[in-house]
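One structure is given below, encoded as structure tokens.
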Amino acid sequence: VQLQASGGGLVQPGGSLRLSCAASGVMRPAYAIGWFRQAPGKEREGVSCIMSTDGSTVYADSVKGRFTISKDNNNNTVYLQMNSLEPDDTADYYCAMDENWGIRDCLIVAGIYDYWGQGTLVTVSS
């Protein structure tokens, strides 16, 4: 499995960005895609995740109401729509896949993810 994250960039506070995570390769029938971020000098933080099956989602408290995760199963892509961006959202954003066979809901816990994409940098600054 390969994951390709894209869509990062420089945006002013209050602005929006949409990140994409394109998955390719042989995938299990059920899996979760998660987004994580890591700012300089900080630990990696779980942001959101979505199940490939029923589209159920989880969000970190820090992004609830501002970020929306969605999926397009036709092209194996997961999106993270980020609105009302704040300087604290500045980080490298990574997507990852948890091949969980649907035995559990998605979790934004980095240790359970099997595959990781490269990061895409989001900078929120005026």
Side-chain angles (χ1 to χ4, degrees):
V1 174
Q2 294 81 42
L3 300 170
Q4 180 73 39
S6 61
L10 173 64
V11 63
Q12 292 186 342
S16 299
L17 280 175
R18 189 178 79 158
L19 304 183
S20 299
C21 177
S24 61
V26 179
M27 288 169 277
R28 304 298 183 189
Y31 55 86
I33 295 290
W35 283 99
F36 297 81
R37 66 186 182 185
Q38 188 164 22
K42 294 187 178 180
E43 293 186 356
R44 184 168 47 190
E45 174 189 17
V47 175
S48 183
C49 62
I50 188 167
M51 282 297 300
S52 66
T53 48
D54 61 2
S56 58
T57 59
V58 172
Y59 294 93
D61 288 344
S62 58
V63 306
K64 279 181 182 176
R66 300 188 298 122
F67 290 11
T68 302
I69 192 169
S70 62
K71 64 184 179 72
D72 183 344
N73 284 348
N74 289 331
N75 60 14
N76 293 325
T77 300
V78 168
Y79 303 98
L80 185 68
Q81 178 67 43
M82 306 186 296
N83 298 329
S84 301
L85 283 162
E86 304 167 353
D88 283 349
D89 295 317
T90 295
D92 280 307
Y93 283 72
Y94 301 86
C95 62
M97 178 183 287
D98 168 26
E99 294 184 314
N100 62 22
W101 294 88
I103 62 173
R104 58 171 176 263
D105 293 336
C106 74
L107 301 171
I108 41 175
V109 176
I112 66 173
Y113 283 77
D114 303 292
Y115 303 99
W116 290 80
Q118 88 295 350
T120 185
L121 179 62
V122 172
T123 303
V124 184
S125 175
S126 55

Co-members of the apolar cluster containing I33 [side chain, <4.5 Å]: V1, L3, V11, L17, L19, M27, Y31, W35, V47, I50, Y59, V63, F67, I69, V78, L80, M82, L85, Y93, M97, Y115, V122, V124
Closest heavy-atom contact between S84 and R66? O-NH1, 3.0 Å
Are the side chain of S48 and the backbone of V58 linked by a donor-acceptor contact shorter than 3.5 Å? yes
How close do A5 and Q118 get, heavy atom to heavy atom, and via which atoms? O-NE2, 2.6 Å
Nearest-0.5 Å distance that lies between atom OG in S52 and atom CG in N73: 6.5 Å
So the disulfide bond (SG atoms under 2.5 Å apart) pairs with at least one residue in residues 88-126 (sequence neighbours excluded) are C21-C95, C49-C106
Aromatic rings Y94 and W116: how do their planes relate, parallel, tilted or perpendicular, breaks at 30° and 60°? perpendicular
Which atom of P29 lies closest to which atom of W101, heavy atoms considered: CD-CZ3, 3.7 Å
Closest non-hydrogen contact found for M51 with D105 is SD-C, 4.3 Å
Closest contact, heavy atoms only, S125 versus P13: C-CD, 3.6 Å
Just verifying a value: how many Å separate L121 CG and T90 OG1, rounded to the nearest 0.5 Å? 8.0 Å
Could you grab the distance from atom CD of E45 to atom CD1 of I108, nearest 0.5 Å is fine? 8.0 Å
Check G55 against K71 and note the closest heavy-atom contact, atom names and distance. CA-CE, 3.5 Å
Test item: D114 side-chain N/O and E99 main-chain N/O as donor-acceptor pair under 3.5 Å: yes
Roughly how far apart are T77 OG1 and Q4 CD, rounded to 0.5 Å? 10.5 Å
